[in-house]
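Please read the structure below before turning to the comments.
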There are 2 protein chains.
Amino acid sequence: MQSFTEENYLKIIYHLSESTNTVQTNAIAEQIQTKPASVTDMIKKLAEKGLIDYIKYQGVTLTEKGKQTAINIVRKHRLWEVFLVDKLNFKWDEVHDVAEELEHIKSENLIERLDEFLGFPKADPHGDPIPDKNGRFAKTQFVKLIELKIGESGTITGVSQHSSAFLKHLEKLGLTLGKQVKISDVTDFDGSVEILVDNKQINISREVAKHILTTENGKN
Amino acid sequence: MQSFTEENYLKIIYHLSESTNTVQTNAIAEQIQTKPASVTDMIKKLAEKGLIDYIKYQGVTLTEKGKQTAINIVRKHRLWEVFLVDKLNFKWDEVHDVAEELEHIKSENLIERLDEFLGFPKADPHGDPIPDKNGRFAKTQFVKLIELKIGESGTITGVSQHSSAFLKHLEKLGLTLGKQVKISDVTDFDGSVEILVDNKQINISREVAKHILTTENGKN
DNA sequence: TTTTATTTTTAGGTAAATCTAAAAAAATAA
DNA sequence: TTATTTTTTTAGATTTACCTAAAAATAAAA
Ligand SMILES: [Mn+2]
Ligand SMILES: [Mn+2]
Ligand SMILES: [Mn+2]
Ligand SMILES: [Mn+2]
């Protein structure tokens, strides 16, 4: 059984592992909002418990046990987010902080019944996949909106940025999950993208386009 | 903002206050499963924070601020219990421990939306009243089943014992909330009570009868 | 009203998760 | 390859919530 704090470390290490193979002390410190010295302490403890592999000065990787623990926390986080949006009418930009707390509730039974109550959702309100109780993810292949060519269209199925500011901005633009978009033009000057959504032409910055994930619909 | 631990102390003191005016160190220690010395430490801290009034060797009472805080935790606990039973199909004997964790989630918004989602319930799965967001309880006047006279009948609306063993026993006897019961006889020998429920005569021990709460229906 | 028992508090310590400041190792630049 | 910068670790403290053992206060019994 892990403490609240240990769980947070594992989850952060898991997320950082998605981009780098071994995870560095400073990177963890930044994410967890603590000092590197504190991270070193915790890292030793997690290694001691067999949840991570740790070589001094070289960074850490999750063991299989650590990975499964982390995935289970991610599962809980995302299921709670679905609950908050689908059942309690939270907006997609309001759920993260509460889910950060709820994810630590210790009851397998609770989470399985919640999963069932929600209809075994496959993705959370931000399009992130929800692992099943064995830790398996449905494979999802996203194409960044920025990578679509002129004339191609896709369905918005995720975002790679979860800040409230970004999510609210998308909401205002009408760019929510499930929306069909078609690339009309790309501006040479600033790389901004002209898209067709809900029969309206709108212009979004390159920065925004980078963080919208779509499932391609093919040409025309 | 109180810590998880502080909240537990306040809640326990609140519950103990229902039977005694000032609450003793040892009583708190027993409930919280800790040592009296630890309770003294925490008591000082809570007094420092203005949540309880404390006179050395004399016990404690909640201040208005402490009381409101405690009531809010009770509110959350009971709302979560309703959620677990009504929405996730937990049995009434399975919810307490999970609610002990959920009650500490810090989000006013969450609890208000949950309250609404549940249809503003007035009582939890054990018949205990749920305070509204201003800390006000609907007045409930229970009559213990043991206090009903022969020939009188009532509706089961609560229990004063929350152990899983007791609740499961009631379930097996068919004595759940909402059931109509009528006292047929009281055995001289052991004080056990003969009752009519669902057109069946059953015999329950005096001990059981003491912990069933009813709303009287009057004679016949 | 003493004596005895119970309750409560103090004194001094431990473990978890932090911190700051300084030392050590590794990576990068000159 | 040596010097500099960056990253990481150690050393030593702090805070929170506990603990045990012993002292002090209060309550109950003789
Ligand atoms: Mn989230
Ligand atoms: Mn999410
Ligand atoms: Mn309960
Ligand atoms: Mn209850």
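Remember, predicted model here, so these are calculated numbers, not experimental data. Letters A, B, ... are given to chains in the order of the sequence lines, protein chains preceding strands, and every chain is numbered from 1. Just the heavy atoms: all of them, side chains too, but no hydrogens, waters or symmetry mates, feed the values below.
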Within the structure, does a side-chain N or O atom of [X] lie under 4.0 Å from either OP1 or OP2 of [N]?
| X | N | answer |
| --- | --- | --- |
| B:Lys56 | C:dT7 | no |
| B:Gln24 | C:dT8 | yes |
| B:Asn26 | C:dT6 | no |
| B:Thr25 | C:dT9 | yes |
| A:Lys35 | D:dT8 | no |
| B:Thr40 | C:dT9 | yes |
| A:Thr5 | C:dA16 | no |

Item to complete: Please work out if B:Tyr9 contacts a base, only the sugar-phosphate, or nothing of the nucleic acid, heavy-atom cut-off 4.0 Å.
Response: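 B:Tyr9: backbone/sugar contact only, no base atoms under 4.0 Å.
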
Discussion item. Base, sugar-phosphate or nothing for B:Tyr54? Non-hydrogen atoms, less than 4.0 Å.
Written reply: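 It contacts sugar-phosphate atoms only.
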
Provide, to the nearest angstrom, the distance between the [atom1] atom belonging to [X] and the [atom2] atom belonging to [N].
| X | N | atom1 | atom2 | result |
| --- | --- | --- | --- | --- |
| A:Glu6 | C:dA15 | CD | P | 16 Å |
| B:Ile52 | C:dT8 | CD1 | C1' | 14 Å |
| A:Asp41 | D:dT10 | CG | P | 9 Å |
| B:Asn8 | D:dT16 | CG | P | 17 Å |
| B:Lys44 | D:dT16 | NZ | P | 15 Å |
| A:Ile32 | C:dC19 | CD1 | P | 11 Å |
| A:Ile43 | D:dT10 | CD1 | P | 11 Å |
| B:Gln2 | D:dT16 | CD | P | 14 Å |

Practice prompt. Indicate, with yes or no, if the rings of B:Phe4 and B:Tyr9 have centres closer together than 6.0 Å.
Written response: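 No, the ring centres sit 6.0 Å or more apart.
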
Worksheet item: Hey, is the main chain of B:Gly135 close enough, under 3.5 Å, to the side chain of B:Arg75 for a donor-acceptor pair?
Response: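 Between the backbone of B:Gly135 and the side chain of B:Arg75 there is no qualifying donor-acceptor contact (under 3.5 Å).
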
Discussion item. Using the side chain to side chain donor-acceptor pair (under 3.5 Å) definition, which of the options B:His162, B:His77, B:His126 pairs with B:His96?
Written reply: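 For B:His96, the side chain to side chain donor-acceptor pair (under 3.5 Å) test succeeds with only one of B:His162, B:His77, B:His126, which is B:His77.
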
Worksheet item: From the list D:dT26, D:dC19, C:dA24, which nucleotide is the closest neighbour of the side chain of B:Gln58?
Response: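 The answer is D:dT26, which lies nearest to the side chain.
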
Discussion item. I'd like to know if B:Glu7 and B:Lys106 make a salt bridge, using a cut-off of under 4.0 Å between side-chain N and carboxylate O.
Written reply: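 Salt bridge between B:Glu7 and B:Lys106, a charged N being under 4.0 Å from a carboxylate O: yes.
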
Worksheet item: Are A:Lys133 and A:Glu108 ion-paired here, with the side-chain N under 4.0 Å from a carboxylate O?
Response: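 Salt bridge flag = no for A:Glu108 with A:Lys133.
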
Fill in: Pairing partner (Watson-Crick or G-U wobble, both distances under 3.5 angstrom) of C:dT14
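Looking at the geometry, C:dT14 pairs with D:dA17.
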
